[in-house]
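Take a look at the structure set out below.
Just so we're on the same page: letters track the sequence lines, and every chain starts at 1. This one's a predicted model, so the numbers in the text were calculated from it and none came from an experiment.
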Amino acid sequence: MYKTKTCGELTALDAGKTVTLAGWVHRRRDHGGLIFIDLRDRFGLTQIVFNPQTAPDAHRVGSEARNEYVLQVTGQVEKRPAGQENPNLATGEIEVYVTEARILNAAKTPPFVINKNEDVDETLRLTYRYLDLRRERLQQNLALRHRVIKFMRDWLDARGFIEIETPMITASTPEGARDYLVPSRMQPGKFYALPQSPQQFKQLLMVAGYERYFQIARCMRDEDLRADRQPEFTQLDLEMAFVEQEDVLNLVEALFTDLIHALAPERKMETPWPRLTFDEAMAHYGSDKPDLRFGMRLTDVSDLAAQSQFAVFKNALAAGGQVKGIRIPSCAEYSRRELDALIDLVKSKGAKGAVTIALKADGAHSSASKHMPASEQQAYIERLDGQTGDLLLFVADSARVVAEALGALRKEMGARLKLADVNALAFAWVIDFPMFEWNADEKRWDAAHHPFTSPKPSDMPLLDSDPGAVRANSYDMVCNGYELASGSIRIHSRELQAKIFSLLKIDAARQQARFGHMLEAFEFGAPPHGGMAPGIDRFVAILCGEDNIRDVIAFPKNQQAQDLMMHAPSEVDADQLRLLHLQIAPPPAQSKI
RNA sequence: GGGGGCGUGGUGUAGUUGGCCUAACACGCGGCCCUGUCAAGGCCGAGAACGCGGGUUCGAAACCCGUCGCUCCCGCCA
């Protein structure tokens, strides 16, 4: 071993001991005579002292050392002189008087500062990821990520779950997200796909009788990236047999509340978690993953608007739509330009516009004052409990457009006004999702969750008459405006599964080709089962206070899905292509003029 | 595919109603001084023609056009 102690463990109790430390030069303070170096390893910082009088050879090494040099030093631990203790350092009671020192490796001046948590251009950070990972912020994030995963494993293990690995190269399932494909060498012209999730495998494990499965599972989806979306990400994938929705919810809620209490006890969390139906979430927050750290709920004023002569409101209601408003505190003095920006936001979500009422000190100023009398405006103001200084904003349209427009506005204004308590973890369950969504382009129903999700038994009769009204046994776990997990009780009957596939316009031949193994498995004694899959990256990001999952992933991709350090993706040799029976098509003509 | 933001020495920023900018500040870097600092301190010094290309102008980091890169968002993510 190069060291007998770490840089994070020495205390006054170690005074007098001779120790050997090894680590990086975090910071050097050269007084001409004495040199102090904060030596860093993963476990902490220890101040080491070089004295030219007592150890001239070691001192020479100390004066050569620069930031990020790798050093090995031997010396005696001593309590620091009275008054020289550093209370900011775990090892601040002591220092090590170096008698022997050795440079294990020199270091070029790094392209950005390691010993400060300063914002650096992300391209540079990702190019030199191994240096960024040296910095305190990422070290802490990855350490917390480790503890989260360890807690999950231990907790589930204690409750009879077993972790089972499933294949990373498997069959393509084009019904879902875009697949990452892997060409087959042995089977010319055929491809594996990287899993979008272990969905089918975990259900087949239930058929196989494992009853309680989990996996820290990597999932890959070839879709465009976002702050909370990477092409590969990690889920706590879990599945249980002989359970109903209530069992899954209770288990996962217990896991996460225990985890928070153990690893982040300072965070504020309401328990038990609130439960909202999908309809309630959309009606009150305009989102199926509402940020419940603040209110600013949507208020229905359709009944009041029914009396209105204002054509926009009348027409929306006549078309079966609704009129809803939102109260934005302390924005009454927004300029025309700022109001226009908000209206552009709701328009981007499909609304045709918005009516504003600004409650200024000298009275209400509405963008629709020509079209509605003061008494009507007053009714809206009272319904929304408007106070002087507030800005009220109304959208009239179909329920879906109203929800999406005002939901986007609520999210934007919540962020802008910093309404959310950064210390809070506002978990909630969203349940009773619709089973299907209408796909207008393809003129058919799509599975809202996935095609293995079971419908609510009570809604079963609606499958034939009104698929859009069928609710599913599916549920999402949301926190602070993020969808952290979704899951469902699955179908375990061959007949029902085939019926659902048919409703999704997957014909019998295709069912057999794509999902024949699932249908057949259900004929061999498939137990009732269900599960869910919390996203580890998003959850850890929230715990770390990061708004980007790249900061909780050791080696993430940039928004172009490139690894700037590894230079992936990259071209490959012609030989490799030939073995895989592949040819690169000429790039698309870029003639645009 | 679309929309917004950003792009100035190694890093982070300032400068952006065009001229006082042959570019400023902090950190870092190099040298010298200094035996108690811990964001050590003091002195000296090197280092960017302002992403790239074109244009407007007597004059552009700053204005215009194009382009590239990064990022946030929409679409997309069963």
Side-chain angles (χ1 to χ4, degrees), chain A residues 26-39 45-54 59 62 66-68 78 80-89 91-92 95 97 108-128 131 173-179 196-197 199-200 219-231 233 341 344-345 347-350 404 408 411-412 415 435-437 439 441-442 444-453 472 474 483 486 488 500-501 504 506 514-515 535 547-548 550 558-560 562 564 592:
Chain A
H26 189 65
R27 210 171 255 126
R28 191 176 72 110
R29 293 175 291 279
D30 186 344
H31 288 236
L34 286 182
I35 297 171
F36 299 94
I37 287 178
D38 294 330
L39 195 68
L45 292 175
T46 297
Q47 173 164 285
I48 58 180
V49 189
F50 296 82
N51 188 322
Q53 234 113 66
T54 58
H59 183 266
R66 293 292 181 272
N67 281 350
E68 302 308 313
E78 292 299 347
R80 294 190 183 190
Q84 295 294 336
E85 301 86 357
N86 184 346
N88 301 319
L89 218 55
T91 61
E95 55 197 356
Y97 290 86
K108 295 206 295 186
T109 300
F112 51 86
V113 190
I114 307 295
N115 60 25
K116 262 199 323 195
N117 284 322
E118 175 176 78
D119 278 339
V120 177
D121 174 64
E122 202 166 2
T123 300
L124 198 62
R125 292 175 56 201
L126 291 171
T127 304
Y128 294 95
L131 295 179
T173 54
E175 283 75 16
R178 200 173 293 115
D179 280 321
Q196 297 173 27
S197 88
Q199 182 62 34
Q200 295 187 39
C219 305
M220 290 69 150
R221 296 178 188 175
D222 187 5
E223 298 291 348
D224 286 358
L225 286 73
R226 290 283 189 282
D228 62 350
R229 273 163 38 188
Q230 281 275 303
F233 59 99
D344 283 345
L345 177 65
K347 281 182 178 170
S348 77
K349 293 294 181 179
E404 290 192 5
K411 187 176 171 188
E412 164 67 21
M435 182 85 178
F436 303 106
E437 284 167 358
N439 183 332
D441 294 336
E442 308 280 337
R444 61 169 161 83
W445 294 102
D446 280 345
H449 182 48
H450 58 54
F452 309 111
T453 301
S474 75
E483 177 194 316
S486 57
S488 62
I500 298 298
F501 281 146
L504 296 171
I506 302 173
R514 294 275 171 213
F515 304 111
D547 49 24
N548 195 310
R550 289 189 297 271
N558 71 3
Q559 195 164 39
Q560 277 54 249
Q562 298 164 307
L564 297 177
K592 245 192 241 171

Listed by chain and number, what are the side chain to side chain contact (heavy atoms under 4.5 Å, CB included) partners of [X], not counting sequence neighbours?
{"X": "A:E412", "result": "A:L345, A:R416"}
{"X": "A:Q560", "result": "A:N558, A:Q562"}
{"X": "A:P110", "result": "A:E68, A:I114, A:L131"}
{"X": "A:N115", "result": "A:H26, A:R27, A:N67, A:V113"}

For [X], enumerate each residue passing the side chain to side chain donor-acceptor pair (under 3.5 Å) test, keeping only those at least two apart in sequence or located in another chain.
{"X": "A:R28", "result": "A:D30"}
{"X": "A:D121", "result": "none"}
{"X": "A:S474", "result": "none"}

To the nearest Å, give me how far apart [atom1] ([X]) and [atom2] ([N]) are.
{"X": "A:R229", "N": "B:C76", "atom1": "CZ", "atom2": "P", "result": "10 Å"}
{"X": "A:W445", "N": "B:A78", "atom1": "CH2", "atom2": "P", "result": "18 Å"}
{"X": "A:D224", "N": "B:G75", "atom1": "CG", "atom2": "P", "result": "11 Å"}
{"X": "A:L345", "N": "B:G4", "atom1": "CG", "atom2": "P", "result": "15 Å"}
{"X": "A:K349", "N": "B:G3", "atom1": "NZ", "atom2": "C1'", "result": "12 Å"}
{"X": "A:Q559", "N": "B:C68", "atom1": "CD", "atom2": "C1'", "result": "16 Å"}
{"X": "A:D179", "N": "B:A78", "atom1": "CG", "atom2": "C1'", "result": "11 Å"}
{"X": "A:R444", "N": "B:A78", "atom1": "CZ", "atom2": "P", "result": "13 Å"}

Regarding [X], tell me which of base, sugar-phosphate or nothing describes its non-hydrogen contacts under 4.0 Å with the strands shown.
{"X": "A:R550", "result": "sugar-phosphate"}
{"X": "A:Q562", "result": "sugar-phosphate"}
{"X": "A:G33", "result": "sugar-phosphate"}
{"X": "A:T109", "result": "sugar-phosphate"}

Polar pair under 3.5 Å, donor/acceptor by atom type, side chain A:R226, base B:G75: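 Indeed, a donor on one side and an acceptor on the other fall under 3.5 Å apart.
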Toward the 5' end of RNA chain B, by each residue's nearest nucleotide, A:L126 or A:K411: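 Nearer the 5' end of the strand: A:L126.
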Results of ring pair (Phe, Tyr, Trp, His ring centres under 6.0 Å) for A:F452 - residues two or more places apart only: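 Ring pair (Phe, Tyr, Trp, His ring centres under 6.0 Å) check on A:F452 returns A:H450, A:F515.
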A:F36: ring pair (Phe, Tyr, Trp, His ring centres under 6.0 Å) partners, not counting sequence neighbours: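 Ring pair (Phe, Tyr, Trp, His ring centres under 6.0 Å) list for A:F36, sorted by chain: A:H31.
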Short N-O contact, A:R221 and A:E223, less than 4.0 angstrom: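 Looking at A:E223 together with A:R221, the answer is no, because their closest N to O distance does not fall below 4.0 Å.
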Distance, P atom - from B:C64 to B:C6, rounded to whole angstrom: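 Going atom to atom, P in each nucleotide, I get 12 Å.
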Reading 5' to 3' through nucleotides 36-46 of chain B, protein heavy-atom contacts under 4.0 Å coded B for base, S for sugar-phosphate only, - for none: BBBSB------
Protein proximity profile, nucleotides 8-16 of chain B - base contact B, sugar-phosphate-only contact S, no contact -, cut-off 4.0 Å on heavy atoms: --SSS----
Pairing stems for RNA chain B [at least three consecutive pairs; Watson-Crick or G-U; under 3.5 angstrom]: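 Runs of three or more consecutive pairs: B:1-7 with B:68-74, B:10-13 with B:24-27, B:29-33 with B:41-45, B:51-55 with B:63-67.
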